Amino acid sequence: MKKAILFPLLLLIASAAFSQNHYVIIGVFAKESNAIKYTGYAQSKYLEANYLLYQKRNLNYVFVFKTADKKEAFTRMNKIRKETEFNEAWVFSGFLGNDTQLSKEPIVIPEPAVVEPEPIVETQLDSVEVVVEEEIPVVIDSMSVAKTPTTPKGKYFIFSITDDEGHVVPGQLHYVDLAVGRDLATYKANEYTDVLRPNQTNLMTIVCGIFGYQQITKYIDYSNPASMEDVTQDENGAWIVPYKLVRLKKGDASVMYHVSFFKDAVVMTKESKTEMDELANMMNANPNYEIKIHGHCNGNHSRRIIALGNPKNYFDIKGSDERPGSAKELSSFRADAVKDYLMENGIDQKRIKTFAWGGMDMLVGENSNSARLNDRIEIEITQD
């Protein structure tokens, strides 16, 4: 009788063991706030990142892929390592968060158990190539067509971006490969854009991520755009894909992931200008907004600071000044540079406050491969 009970019990235990999930991990953090920011960074690279608590170790695991199929997990891990900056990604097999129920996904009997490596906090950051497809610069004003476009090579799309009050918002959209976070093409909003047929699939992932607003992802069937509820077609045959933005609210804070600085410098890279302009546009479009700019840097040591010259050139290191200073001074100068740029773009200085953290709130170790994540700007909405 005991054997009759024991056998089904052993089958149940074996079934539970075989039904564990497999996650592609890109970072592990003791502080949840750092896991949130690192997850946001991965999402800014167009990866479907999330994080969950591994209760056994009381650590937050940031992952970009989850499956019940171990082979699929390792295939994706190798792809992530090879094709993205997260070249230290690894596979965790087990359960995270409240994920303790048997998986409903197809189960593959696992190979011999994999020894889990020590938690990895840092990753190597490399650039990802961006390919911009041909665009037809026919601007539309409040969604009214300026003129009839020429015959497209592919199909015309108009990716319209508006805020919650219906005002047109300038910006760019990204056609991405979510499997590896690769930006395949960028499109200007509110214009006719000639989009070529995708090479391997008709399904396109188009992401709208404008600073100050929640990111929106839409999946478009290139062969049949009308299959989406809110997609319409104008009199010229262009498919209009609307993106209605949701603004940040009082108390929200967001990292400017696309604003980066030269080493120990107040000067920003040229690529930072796009997100700086988005911040200025957000402030101009929301006159009640007041913000606090949080400046950060890597490490708490004193250093030679590359400061803005006179006249100020925010995005070119040529003509800059050099002076000794503390970590707190560097982070203060960075926050002030963002404030000055906003003021030069018509924002009243009364709406802007700054705070210098120095190196007191680093996301990763000072000497880690991804230490430049510590050199960042965060924007807190203090009044909306």
Side-chain angles (χ1 to χ4, degrees), residues 23-53 59-66 76-77 80-81 83-90 119-130 172 174 176-183 186 205 207-217 248 252-263 268-269 271-272 274-276 278-279 293-299 331 334 338 357 359 361-380:
Y23 303 79
V24 177
I25 307 295
I26 60 171
V28 178
F29 297 87
K31 291 175 62 177
E32 184 180 16
S33 59
N34 285 349
I36 292 172
K37 292 172 184 177
Y38 199 75
T39 299
Y41 176 74
Q43 291 174 347
S44 76
K45 298 296 182 180
Y46 314 115
L47 286 166
E48 291 188 302
N50 209 330
Y51 77 95
L52 286 170
L53 179 68
L59 292 170
N60 297 284
Y61 282 34
V62 180
F63 61 94
V64 293
F65 185 67
K66 168 188 171 184
R76 183 63 62 89
M77 178 200 73
I80 291 290
R81 283 183 174 183
E83 300 185 24
T84 79
E85 60 197 55
F86 302 100
N87 57 10
E88 292 181 337
W90 53 280
I120 299 174
V121 175
E122 63 271 7
T123 59
Q124 180 69 39
L125 299 179
D126 298 318
S127 60
V128 176
E129 181 182 0
V130 176
Q172 291 183 331
H174 301 265
V176 303
D177 179 354
L178 288 177
V180 294
R182 184 178 297 278
D183 193 343
T186 58
T205 304
V207 178
C208 177
I210 296 178
F211 185 80
Y213 302 91
Q214 296 179 13
Q215 181 172 291
I216 303 174
T217 301
L248 294 180
D252 289 342
S254 185
V255 179
M256 299 192 77
Y257 290 110
H258 300 293
V259 170
S260 57
F261 297 88
F262 290 97
K263 181 176 173 58
M268 292 170 270
T269 61
E271 294 76 16
S272 303
T274 297
E275 193 163 61
M276 287 292 292
E278 288 177 356
L279 174 61
I293 303 168
H294 296 260
H296 298 263
C297 71
N298 184 47
S331 62
R334 286 173 170 173
V338 175
W357 287 84
D361 188 29
M362 295 191 294
L363 292 183
V364 297
E366 181 179 354
N367 298 315
S368 71
N369 292 333
S370 55
R372 67 188 180 111
L373 278 175
N374 296 326
D375 292 303
R376 67 190 188 280
I377 292 292
E378 297 180 25
I379 303 297
E380 177 187 357

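The first residue of the sequence shown is numbered 1, and numbering continues consecutively from there. Computed over heavy atoms, backbone and side chain alike; hydrogens, waters and symmetry mates excluded. On a predicted model such as this, the values are computed, not experimentally measured, just so you know.
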side-chain contact (heavy atoms from CB on, under 4.5 Å) involving [X] - partner list, sequence neighbours excluded:
X: Gln214; value: Val246
X: Ile210; value: Ile161, Val169, Cys208, Tyr213, Leu245, Glu278
X: Ser33; value: Lys31

For Arg376, give me all partners under salt bridge (charged side-chain N to carboxylate O under 4.0 Å, His left out), at least two apart in sequence or on another chain. Asp361, Glu378
Euclidean distance, [Y] [atom2] relative to [X] [atom1], rounded to 0.5 Å:
X: Leu363; Y: Leu373; atom1: CG; atom2: CG; answer: 6.0 Å
X: His174; Y: Asp183; atom1: NE2; atom2: CG; answer: 5.5 Å
X: Ile293; Y: Leu279; atom1: CD1; atom2: CG; answer: 7.0 Å
X: Met362; Y: Asn34; atom1: CE; atom2: CG; answer: 10.0 Å
X: Lys45; Y: Ile26; atom1: NZ; atom2: CD1; answer: 11.5 Å
X: Gln43; Y: Gln215; atom1: CD; atom2: CD; answer: 6.5 Å

Any side-chain heavy atom of Phe29 sitting closer than 4.5 Å to one from Thr39?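 They are not in side-chain contact.
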Between Val364 and Asn374, is any pair of side-chain heavy atoms under 4.5 Å apart?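 In contact.
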Considering all heavy atoms, the nearest [X]-[Y] contact:
X: Asn298; Y: Asp375; result: N-OD1, 3.0 Å
X: Val207; Y: Val176; result: CG2-CG2, 3.8 Å
X: Ala179; Y: Leu47; result: O-CD2, 4.2 Å
X: Ser331; Y: Gly295; result: CB-O, 3.3 Å
X: Ala35; Y: Asn60; result: CB-CB, 3.7 Å
X: Tyr51; Y: Ile36; result: OH-CG1, 3.5 Å

Donor-acceptor contacts under 3.5 Å from residues 253-263 side chains, at least two apart:
| unit_1 | atom_1 | unit_2 | atom_2 | d |
| --- | --- | --- | --- | --- |
| Tyr257 | OH | Lys37 | O | 2.4 |
| Tyr257 | OH | Tyr41 | N | 3.4 |
| Ser260 | OG | Thr269 | OG1 | 2.9 |

Does Ile25 form a side-chain contact (heavy atoms from CB on, under 4.5 Å) with Phe63? I'd like the steps, not just the answer. CA-CA 4 Å; Ile25 307 295; Phe63 61 94; 3.8 Å; yes
By ring-ring contact (aromatic ring centres under 6.0 Å, His included) - contacts of Phe65 (at least two apart):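 Expected list: none.
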Counting the benzene-type ring for Trp, do Tyr23 and Tyr61 have ring centres under 6.0 Å apart?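 Judged by ring-centre distance (under 6.0 Å), Tyr23 and Tyr61 do not meet the cut-off.
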